[in-house]
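Side-chain atoms are counted along with the backbone in the values below, which use heavy atoms only and exclude waters and symmetry mates. Reminder, nothing fancy here: chain letters follow the sequence lines and each chain counts from 1.
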Amino acid sequence: MAANGVAEFDGQLTSPAGVTGRRQNGYMFIVLGGSPSGRTTLTELNAAGATVATESLSRPELLREVARREPEHPRWVWDDTSQWYPVLLAAGLAVERCHDLRLCHRILRLAEAARDTELARAQPNAWDDAPLEQTASGTALFDDVADLAEASDAGSDPGARDPIAEFTLQRAALDAVAAGSPTAASRLQLLLAAESSGALIAEEMRARGLPWSTAVHDAALTELLGPRPQFGGRPRKLQAFADSIGELLQAPGLNPDSQHDLLRALKRAGLSVTSTSKWELRSQKHPVVEPLLEYKKLSRLHSANGWAWMDAWIRDERFRPEYVVGGVVTGRWATRGGGALQLPAQVRGAVRAGDGWTLVVADAAQLEPRIIAAMSRDEKMAAAGREGDLYQGLVNAGVVDTRPHAKLAMLGALYGATTGESARLMPKLARAYPRAIGLVEHAARTGERGDQVSTWLGRSSPTPGPTWHAAQRAAAEAEATAVDERRARQLARDWGRFTRNFVAQGTAAEWALCWMAGLRIRLRALADERGEPHLAYFLHDEVIVHSPEDLTDAVTDAISAAAADAGRLLFGSFPVNFALTIVAVSSYDQAK
DNA sequence: GCTTAGAGCGCC
DNA sequence: AAAAGGCGCTCTAAGC
């Protein structure tokens, strides 16, 4: 283990954890080009990147070849896992590892450590994503990102993508990084391997699906909302709430879904509110508040995860979310459709293990505090988490008086609280843990200047865009007004809060990727005639493994061991532990 | 009729 | 008093 905590690399990736490690004899890359549905070009490269063989294959030939070569543990190199892997999985072919050129390209293009490489200097090309479609609520923060992708509208043209040329460029970029900093290169290499492993996991989870009981889901909806309406419209119980809201506000027929109408009715009834949001309503004393809050809760359930959602997303008692690996700038995953990362507690009971199977639900406790403790080598903060609950550890260390205060103070540090109780408590942490808090403070200052920050493994933050820089320039002019200065300061602080959180959230995402990658390999080894335990769900710092009941203990051990592996892989022997809560349940609502 | 912005709220 | 990071989704209202 290298002093920096990253496992030593000898150029290639293999290991017990399946993420990284030692080169084996005959290690090889197999690059797939063309298309999985049409003709494929298969090119075998040796460890040095030299072409060993190349052939053109039809689809059946491709499947045969993958099956034949996989036992040699090659790293499959392709442009986009989400395009290739489902075809293989549909044919019953799982692969151990891959290199996803698109995902790795994105990381390397933005990485500070790889700034002076040919890959980073190249004009935007087909390997750069088209700009991510903004969601309806698209944030102001990222409307202004100076993104490499902006200039690229060729991103969707796979014809312009040469996987071998791109792979060669990426390897050259890593070599160039290694020439300046072997540590930076080995970390980036680990990140690329972990990201690619994540891409495999995402497709495998989608292929398996999350076991979902439509009967339980339907029963829960019926219980809370009333029977499913035959011809649309509001379910009975929801309508009853709407009616009573209308009566209490003396506005018969009021549609509570109309913010405009609702706000007007609330004001007319004498409530002093400026919006219809929950937090503001809660402070009001009026008989309408309770039914209105209840209506909002049920209405949201109905529209977001009601029968329509069930019809759209559940097939054959499986929920198959489309995960978007690295879909968040920090490296967290997103999903496309189905809102899989926002499954409300109300419907989690519908996630049910099959007969003779169980759900092993594991989540990492206070992950981000442990991450910043390890990144900053803050032994004191790491020690506070040693016994399990890090927040309680802060209380026991006499840093704050209660656990809720510990949590509030920590969130303030991670998010950059400026007002309120959180901001008042945070300085206690800064005094007790100058290293860990100093790390996030430094990240904030860096962002405020408009500079990039990077995660532990080297995923870098985007830089602010032209509007941001224009505002800073305007404030620096001699004739700048107070308004100019206030605006510039506001934008700078906003960006600083983003970069502050980026290092913690992004490194936590890397730990989670390594955890899952290692777990996946361990689970494969557990498969026997009783069945194959497999990852079924991932939520930032939490996983669900669907497992044969008989293997519950082995799966639990695998989850713990994989977490410890991930900690060592990233942070070496630094004494931080990544505490887990692990429970085996028959349905997801029983966890937590 | 279609698209888009804002509000609001679910998850971490 | 609505503060503090990252998202996705659905709804209404408004504009084309």
Side-chain angles (χ1 to χ4, degrees), chain A residues 132-143 234 255-263 272-283 292-293 295-306 308-309 312-313 321-324 326-348 363-368 372 407-426 440 443-444 447 453 461-462 493-509 512 537-543 588 592:
Chain A
L132 292 174
E133 311 90 286
Q134 295 285 324
T135 59
S137 61
T139 65
L141 197 56
F142 291 105
D143 287 346
R234 290 195 185 101
N255 172 14
D257 293 331
S258 167
Q259 290 146 6
H260 181 247
D261 295 355
L262 177 59
L263 184 59
S272 54
V273 288
T274 60
S275 77
T276 66
S277 62
K278 278 201 299 194
W279 68 264
E280 208 173 354
L281 284 167
R282 262 198 297 262
S283 67
L292 182 50
L293 291 178
Y295 175 87
K296 279 172 166 281
K297 203 164 122 191
L298 294 178
S299 170
R300 176 166 177 93
L301 171 66
H302 182 234
S303 63
N305 296 97
W309 180 90
W313 291 101
E322 188 178 345
Y323 292 102
V324 184
V328 179
V329 275
T330 57
R332 273 190 177 179
W333 292 14
T335 56
R336 205 150 24 220
L341 304 184
Q342 291 104 345
L343 279 186
Q346 292 152 309
V347 302
R348 291 191 175 189
D363 82 287
Q366 306 98 34
L367 178 55
E368 290 177 11
I372 62 170
K407 185 171 180 175
L408 208 56
M410 190 59 80
L411 292 180
L414 291 167
Y415 294 157
T418 54
T419 61
E421 199 171 16
S422 183
R424 279 199 300 280
L425 289 166
M426 205 265 267
V440 289
V453 297
S461 64
R493 284 189 187 142
D494 287 350
W495 200 264
R497 277 196 302 278
F498 163 59
T499 53
R500 166 197 294 270
N501 189 250
F502 184 95
V503 295
Q505 187 184 119
T507 304
Y537 188 62
F538 172 53
L539 184 55
H540 308 313
D541 59 2
E542 174 175 347
V543 297
Y588 190 19
K592 291 226 168 118

Going by the angle between their ring planes, with limits at 30° and 60°, are A:Y537 and A:Y323 parallel, tilted or perpendicular?
tilted
Distance check needed: B:dC11 P versus A:Y537 OH, whole Å only.
10 Å
Minimum-distance nucleotide (side-chain atoms of A:Q342 versus C:dG8, B:dG8, C:dG5)
C:dG8
Within less than 4.0 Å of OP1 or OP2 of B:dC12, is there a side-chain N or O belonging to A:K592?
yes
Verify the distance criterion only: is there a donor paired with an acceptor across the side chains of A:Q259 and A:T276 at less than 3.5 Å?
no
To the nearest Å, give me how far apart CZ (A:R300) and P (B:dC11) are.
8 Å
Name the closest nucleotide to the A:D541 side chain, picking from C:dG5, B:dC12, C:dC11.
B:dC12
If you define the side chain from C-beta out and look only at heavy atoms, does anything of A:I372 sit under 4.5 Å from A:L414?
yes
Would you mind telling me which of C:dA3, B:dG10, C:dG5 lies closest to the side-chain atoms of A:K297?
B:dG10
Let's see if you can work this out: which of C:dG6, B:dC9, B:dC12 has an atom nearest to the side-chain heavy atoms of A:V329?
C:dG6
Considering only side-chain heavy atoms of A:R332, which listed nucleotide, C:dT10, B:dC12, B:dG8, is closest?
B:dC12
Rounded to whole Å, please give me the gap between CD in A:E322 and C1' in C:dC7.
16 Å
Proximity to the side chain of A:S303 - top-ranked nucleotide from C:dC7, C:dG5, C:dT10:
C:dT10
What integer distance in Å separates A:H260:NE2 from C:dA13:P?
8 Å
For A:G338 and for A:W279, locate the closest nucleotide of DNA chain C by heavy-atom distance; then report the residue assigned to the nucleotide nearer the 5' terminus.
A:W279
With respect to the side chain of A:T276, which nucleotide from B:dG8, C:dG5, C:dT12 is positioned closest?
B:dG8
Nearest of B:dG8, B:dC11, C:dT12 to any side-chain atom of A:S258?
C:dT12
Looking only at the side chain of A:K278 (C-beta and beyond, no hydrogens), which of the listed nucleotides B:dC9, C:dG5, B:dC11 gets closest?
B:dC9
Side chain of A:L539, heavy atoms from C-beta onward: which of C:dG6, B:dC12, B:dG6 has the nearest atom to it?
B:dC12
